[in-house]
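Because only heavy atoms are used, hydrogens play no part in the values below, and waters and symmetry mates are left out as well, while side chains stay in. Convention: sequence-line order gives letters A, B, ...; per-chain numbering from 1. Every value quoted in this text rests on a predicted model; they were computed, and no experiment measured them.
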Protein chains: 2
Amino acid sequence: MATSITVHDVAKAAGVSASTVSRALSGNTAVAAETRDRVVEAARQLGYRPNLAARGLITGTTHNIGLVVPDLENPYFASITKSVQSRALAAGYSVFIADSDEDIRTELELVHQLSKQVDGLILCSPRMAASDIAAVAGQTMMVLINREWEGLTSVVVDDAEIIRLALEHLHALGHRHIAYVGGPEKSWSNQKRWAAIERIAPTFDDLEVGKVGSYAPNFDGGQSAADVVVASGATAALAYNDLVGLGILARLTTRGIRVPEDLSVMGIDDVNVATLVSPGLTTVRSPLKKVGRSAVNSLVDLMNPTDRHSAPEDLPVQLVVRQSTSVPQQHS
Amino acid sequence: MATSITVHDVAKAAGVSASTVSRALSGNTAVAAETRDRVVEAARQLGYRPNLAARGLITGTTHNIGLVVPDLENPYFASITKSVQSRALAAGYSVFIADSDEDIRTELELVHQLSKQVDGLILCSPRMAASDIAAVAGQTMMVLINREWEGLTSVVVDDAEIIRLALEHLHALGHRHIAYVGGPEKSWSNQKRWAAIERIAPTFDDLEVGKVGSYAPNFDGGQSAADVVVASGATAALAYNDLVGLGILARLTTRGIRVPEDLSVMGIDDVNVATLVSPGLTTVRSPLKKVGRSAVNSLVDLMNPTDRHSAPEDLPVQLVVRQSTSVPQQHS
DNA sequence: TTGTAGGCGTTATCAA
DNA sequence: TTGATAACGCCTACAA
């Protein structure tokens, strides 16, 4: 803060009025070339930077956006956050970050705290109730990631295609009994993924997919689930996401159960850490970078209704085969 | 934005003036209890939220802070970011996030972009030149993480103690030839860590610590380094950080070199992913959560000079022994 | 205890 | 093309 320099300082230095400085620098209105040069030079010398808050007060546009995520330490959200902020920067926006720590009340509070100082909000995998989303949607422009709501713009990965690729891969290897290790009941993605399984599994010959409980969407959740998976008699586990997959992997290793010889394990998303372990985790890649970028693009379109809307980006998912899956062992 | 409700709307609804509304809600000045209740009720009904940008314009305080990090996808920075935003929320601040993507120019640009809309800035492991830090420091309140500069508040983990714990552990196991796998030359932490090694290693009997090149501070860097480490003849590798350690681990596994039987590997920091692999990575834990929290506390102290300063938190590091280290094998 | 007036830094409107 | 003036939403003297 200190006593930062304002338009008036620049105006005095350049020997013009404050309004002329504003015009010269924002470049909207015509200014005499010579005057503008003088103003620009003065601004440069003084190191003038406009106060965006003040500008926003009158233009009604802050050039800030907000991003709300459930957990920044989850590499899934870290990747999305990184791409959101990168794209926002390129589009001339600064971004407020808000980590709800998976808590619904915090999530809502953060949204309210931010809504007044941003032009728009991106809600990533929001856990909040639909009614709250609807209420908030009236306050500010909004884009949803991994959730849909009538009238709101959404960016979602194709869960059905993810499931199809995963089942296809395991079925092709010869697996006929697969355990799906579920994520949080309230997670929209988890619901979609299980629904897709129920719809798609019957399209494969002789394939049985059982659902194993509901677990926290992280490493610990996977560790908890592993023993139940083993007991289920399935020859392959499909985890709700990579972190759960890694948890399963770790627990199986501890028990001396070999992967993939004794049991195949698949994750979903291909977050960065999936390559860190050995055996590497077979997974279906979600285009997280594109998700973040696309969400920003959509939001920018929403906030600037005049501009030509950019074509919606498609978000291809892709099977990534590593060492954690193989043909099932014959019964010994 | 839409046409959001202002103090005037509340004033009209409550049958008072705008200034009374301001007073009633901010609670600084005395207001008749009955009037205040009426105002508060009216505000609640209308869902009034003050425009913080407008408030900041006059109070000179935005209640926003900014955080600049080199890479959000690095779990080290993700953890710090999470704790920064968590503590900031508790202290009543919203946080701008800025990912420089390890680029010096971007880093500087982000700092400038943010400096006018925040009360203070936290620079985490800044890569920028010292002269730039000095220049920026004049613009806004600032706290540095993992870097020191005269006159500026810093939060740093005790690199010397980290090194001491690591060497003590490996030496106690019987290792006499250790390879330190260096991080980026320009990294302040890397410089401090190597300097600490040169100072501390001689205090152990018969201990030789060699430096193995300079590598990217991530998984790929570790993979690149692994073969050189093996060739060095060292019985243990101490990596610049956990990600490098994991890279080494992975490459060794690929080559069929057993850890810890053939070679012990240590990381530094104990980022979340260190527990994901097996064998688990022995490491020295940096209190990342405390680092973020402490940085916010220091910044808040700086921004509110009147308040009683909170006592500086100490940041204990701690050895975490997992399975990637053991006594060196006898020569076979 | 409350209302009126002024101003924070900027841009938009209107004359000149 | 430029300069005064008003206004954005809010807060804080000052006056009532």
Considering residues at least two apart in sequence or located in another chain, which fulfil the side chain to side chain contact (heavy atoms under 4.5 Å, CB included) criterion with A:Ala129? A:Ser131, A:Asp132
Would you mind reporting whether B:Ile133 and B:Pro126 have side-chain heavy atoms less than 4.5 Å apart? yes
Please report the distance, rounded to the nearest Å, between CG in B:Leu25 and P in C:dT2. 13 Å
CG (B:Asn51) and CD (A:Gln117) are apart, to the nearest 0.5 Å, by 8.0 Å
Candidate list B:Val84, B:Asp99, B:Leu299, test side-chain contact (heavy atoms from CB on, under 4.5 Å), partner B:Leu67, passing option: B:Val84
Below 3.5 Å is the cut-off: list the nitrogen or oxygen pairs between protein and nucleotides 9-11 of chain C, distance only.
{"unit_1": "C:dG9", "atom_1": "N2", "unit_2": "A:Ala54", "atom_2": "O", "d": "3.3"}
{"unit_1": "C:dT10", "atom_1": "OP1", "unit_2": "A:Tyr48", "atom_2": "OH", "d": "2.7"}
{"unit_1": "C:dT10", "atom_1": "OP1", "unit_2": "A:Asn51", "atom_2": "N", "d": "2.9"}
{"unit_1": "C:dT10", "atom_1": "OP2", "unit_2": "A:Val7", "atom_2": "N", "d": "2.6"}
{"unit_1": "C:dT11", "atom_1": "OP1", "unit_2": "A:Arg55", "atom_2": "NE", "d": "2.6"}
{"unit_1": "C:dT11", "atom_1": "OP1", "unit_2": "A:Arg55", "atom_2": "NH2", "d": "2.9"}
{"unit_1": "C:dT11", "atom_1": "OP2", "unit_2": "A:Ser22", "atom_2": "OG", "d": "2.7"}
{"unit_1": "C:dT11", "atom_1": "O5'", "unit_2": "A:Ser22", "atom_2": "OG", "d": "3.4"}

Partner of A:Asp119 under side chain to side chain donor-acceptor pair (under 3.5 Å), chosen from A:Asn304, A:Asn64, A:Thr140, A:Thr61: A:Thr61
Which heavy atom of B:Asn74 sits nearest a heavy atom of B:Pro217, and at what distance? ND2-O, 4.4 Å
How long is the line joining CG of B:Leu46 and C1' of D:dG9, in whole Å? 16 Å
So how far off straight is the helix from C:dT1-D:dA16 to C:dA16-D:dT1, going by the axes through five pairs at either end, to 10°? 50°
Go through it in stages, so that I can follow the logic: the residues are A:Glu313 and A:Arg293, the test is salt bridge (Lys or Arg N to Asp or Glu O under 4.0 Å), and I'd like the CA-CA distance, side-chain angles, deciding distance and then a yes or no. CA-CA 9 Å; A:Glu313 200 165 1; A:Arg293 190 183 341 137; 2.8 Å; yes
Side-chain donor-acceptor pair present, B:Ser187, B:Asn190, cut-off under 3.5 Å: no
